[in-house]
Amino acid sequence: MLGNWSLSGQIVAGDDATGGLIIVNPGSITAADIILGNQPGGLGTLTVNGTLQAGDEIDVGQSGTGSLSVGAGGNVTAGQVILGDQPDG
C-alpha cells in the first residue's frame, strides 16, 4: 500500500480466513486497533516499511495466526502490542 489510511475503528487482517497488508514507504496506516489473525483458522500478516500507528493496540495472533514484520525504514507506534492473546493464538 502506497498512500495514507486513517481510520477511527480497527483493521482486521485474517479474521477467519487469510488476509494481509504491506505498507510501502512513505505510506502510512493509522487506526484505533490492528488485529492480525483474529479467529481460529485466521491468518493475518502485516509488513511495515512505512508507518503504522495504533491508537490502542496491535494484537498479533488473537485467536488465529498473526505475523508482523518491520522492515528497513519501518516505524510502528502503539499503546501496547499483544502476542498470542487467546489460547488458540
Side-chain angles (χ1 to χ4, degrees):
M1 186 212 83
L2 183 59
N4 301 305
W5 286 3
S6 182
L7 302 150
S8 60
Q10 65 183 8
I11 293 174
V12 178
D15 187 34
D16 63 357
T18 299
L21 290 167
I22 299 173
I23 304 171
V24 178
N25 201 11
S28 68
I29 292 179
T30 302
D33 297 305
I34 297 159
I35 302 170
L36 307 172
N38 189 36
Q39 299 183 47
L43 171 62
T45 62
L46 178 56
T47 301
V48 181
N49 293 317
T51 301
L52 175 67
Q53 295 179 328
D56 188 21
E57 68 185 33
I58 299 171
D59 197 332
V60 182
Q62 186 171 48
S63 290
T65 301
S67 172
L68 174 64
S69 300
V70 182
N75 183 36
V76 175
T77 304
Q80 62 181 345
V81 176
I82 300 169
L83 306 174
D85 188 26
Q86 303 295 320
D88 293 335

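No hydrogens, no waters, no symmetry mates; every other heavy atom, side chains included, goes into these values.
With no hydrogens or angles considered, a side-chain donor-acceptor pair links Asn4 and Ser28 at under 3.5 Å.
Going from atom CG of Asp85 over to atom CD of Glu57 covers 7.0 Å, rounded to the nearest 0.5 Å.
A continuous path of ILVMFWY side-chain contacts below 4.5 Å connects Leu68 to Ile11, so both sit in one hydrophobic cluster. Side-chain heavy atoms closer than 4.5 Å link hydrophobic residues (I, L, V, M, F, W, Y) into clusters, and following such links, even through other members, never connects Val12 to Trp5. Clustering ILVMFWY residues whenever any of their side-chain heavy atoms sit less than 4.5 angstrom apart, transitively, puts Ile34 in the very cluster that holds Val48. In this structure, Leu7 is a member of the same hydrophobic cluster as Leu21, with clusters built from ILVMFWY side-chain heavy atoms closer than 4.5 Å. Tracing side-chain contacts under 4.5 Å through hydrophobic residues (I, L, V, M, F, W, Y), one never reaches Val76 starting from Ile35; they form parts of separate clusters.
Legend: residues meeting side-chain hydrogen bond (donor to acceptor under 3.5 Å, both in side chains) with Gln53, ordered by chain and number and at least two apart, are Thr30. The side-chain hydrogen bond (donor to acceptor under 3.5 Å, both in side chains) search around Thr47 returns none, not counting sequence neighbours. Applying the side chain to side chain contact (heavy atoms under 4.5 Å, CB included) criterion to Leu83, with sequence neighbours excluded, gives Val60, Val81. Judged as a side chain to side chain contact (heavy atoms under 4.5 Å, CB included), and not counting sequence neighbours, the contacts of Thr18 are Leu43. Every side-chain hydrogen bond (donor to acceptor under 3.5 Å, both in side chains) that Asp15 has, sequence neighbours left out, goes to Asn38, Gln39.
Counting heavy atoms from C-beta on, the side chains of Asn49 and Val24 never come closer than 4.5 Å.
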Practice problem: Starting from the C-alpha separation in whole Å, work towards a yes-or-no answer on side chain to side chain contact (heavy atoms under 4.5 Å, CB included) for Ile23 and Thr51. | Solution: CA-CA 7 Å; Ile23 304 171; Thr51 301; over 6 Å; no
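Here the shortest heavy-atom pairing between Thr45 and Ala13 reads O-CB, 4.4 Å.
Counting side-chain heavy-atom gaps under 4.5 Å among Ile, Leu, Val, Met, Phe, Trp and Tyr, Ile82 is found in no cluster with other residues.
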